[in-house]
Amino acid sequence: MGIRDYYRQFEAVPAEEVNRGLREEAQERRRSALSRVEPLDLSVTTWPEYPPSRVVDAITYAARRGLHRYQERQGGELRGELAHALGLEPGRVVVGDGSAQLMTAAAHALLAPGDELVTPWPGYPLHPIVARAAQGVAVPVPGFSVDALLRAVNERTRIVALANPNDPTGELLRRGELARLLTALPERVVVVLDEALRDYVTAEERDAALHLTAEHPRLLVFRTFSKAWGLAGLRCGYAVGGPDAAALLEQLEPSLGLGDLAVAGVLEAVRHHAGLPAQRAAVITAQRARLLEAVAGLPLTVTPSQANVLWIGARGHSGGDLAEHLQRAGIAVRSGGPLGDPARIRLTVPHRPQDVERVARALETAVA
């Protein structure tokens, strides 16, 4: 229908009726728009927004300069930059294709077939996976405490692996407790400390646990650029060891080093956006407090969290049921079964106030 035909159909219709019809059409369009609920993905722990434009520009420049040839994979410049930022010698830092690659390499370097890796449970599913990949045995330990971990250690134990703060529960072992664990462990046992969510900790300073590497040669600390940095697509992370850890750290490094695109993006981020993780962490910790306050009166069990996740259970509901209720409200979360407790869900804290309100309303409806 042409524009002239469109208007001709109204010529014999009273103006009031035409206007009423147009108003009804507009109201229907508004109702339709309001009924469409944008999905909210709180099932992943990575930052949900795009990285700074300068980081993207650096990656784009590196791609235009070199995608037609094999990459000159390397990581020495980035390792030096990170070591300088942390106040460490470069030999105590190694960079890799994400902390997952580095932890997998550590398991292969430290575990012989049949050796055991002890890890808290509920916990990060990667830790049992890397043990099995290295032909070792994963030993899940109920709870998140030093005493529970020590009780599980025996003559076959070679690694104690823990995320700190813990994913999915958000629990934290503070520096004093970690020092007690390191002191009590036999010399043959290495502690693999996964600090992927460390930026969200408010209970102690960011590098409190990392400083222990100077005193405890059997501590390896792993960090990533995937979470608060928001650079998950680059697959880049690093590990820090003690003054005598250079030989072990060399075994963790990817055989071909890092790709040009990852190095370009992460270098730009570290050099020109060093404060970004702390800014984002401040947002998340504020929203974490708001969400906890909003659901305080509901029949929920929420583990105290020092991370960007909340470990939530609801009376009379399984984790699967609760996840399904939230899914119907357009909110995706992780069901707790694969993470160690089928009665729970893991919910990533939203960074926007309106999403915090939406989650609180959905939880209230789910347990009503």
Pair His351 and Trp47, ring centroids less than 6.0 Å apart: yes
Using modelled atom types and a 3.5 Å cut-off, is there a donor and acceptor pairing between side-chain atoms of [X] and backbone atoms of [Y]?
{"X": "Arg280", "Y": "Ala228", "answer": "yes"}
{"X": "Glu89", "Y": "Gly91", "answer": "no"}
{"X": "Asn308", "Y": "Ile284", "answer": "no"}
{"X": "Thr119", "Y": "Ala161", "answer": "yes"}
{"X": "Glu116", "Y": "Ile159", "answer": "no"}
{"X": "Glu253", "Y": "Val94", "answer": "no"}
{"X": "Asp194", "Y": "Ala196", "answer": "yes"}
{"X": "Asn164", "Y": "Leu173", "answer": "yes"}

Mutual orientation of the aromatic rings belonging to His127 and Tyr124 [parallel < 30°, tilted 30-60°, perpendicular > 60°]: perpendicular
Under-4.0 Å salt bridge between [X] and [Y]:
{"X": "Arg346", "Y": "Asp167", "result": "yes"}
{"X": "Glu177", "Y": "Arg180", "result": "yes"}
{"X": "Glu187", "Y": "Arg158", "result": "no"}
{"X": "Arg206", "Y": "Asp199", "result": "yes"}
{"X": "Arg175", "Y": "Glu204", "result": "no"}

Reported CG-to-CZ distance for the pair Leu258 and Arg79, which is rounded to 0.5 angstrom: 10.5 Å
Nearest-0.5 Å distance, OG1 of residue Thr169 to CH2 of residue Trp311: 8.0 Å
For the student: nearest non-hydrogen atoms of Thr213 and Val221, plus distance: CG2-CG2, 3.8 Å
Minimum heavy-atom distance Arg288-Leu310, with the two atoms named: CG-CD2, 4.2 Å
Sequence-distant partners of Glu293, salt bridge (Lys or Arg N to Asp or Glu O under 4.0 Å), two or more places apart: none
Thr303 and Arg344 side chains, donor-acceptor separation under 3.5 Å: yes
Listing, residues 352-359 side-chain donor-acceptor contacts under 3.5 Å, not counting sequence neighbours, or none:
residue : atom : partner : partner atom : Å
Arg352  : NE   : Asp355  : OD2          : 2.8
Arg352  : NH2  : Asp355  : OD1          : 3.3
Arg352  : NH2  : Asp355  : OD2          : 3.1
Arg358  : NH1  : Glu38   : O            : 2.8
Arg358  : NH2  : Glu38   : O            : 2.7
Arg358  : NH2  : Ala329  : O            : 3.1
Arg358  : NH2  : Gly330  : O            : 3.4

side-chain hydrogen bond (donor to acceptor under 3.5 Å, both in side chains) evaluation trace for Asp41 with Ser43: CA-CA 6 Å; Asp41 188 356; Ser43 66; 2.5 Å; yes
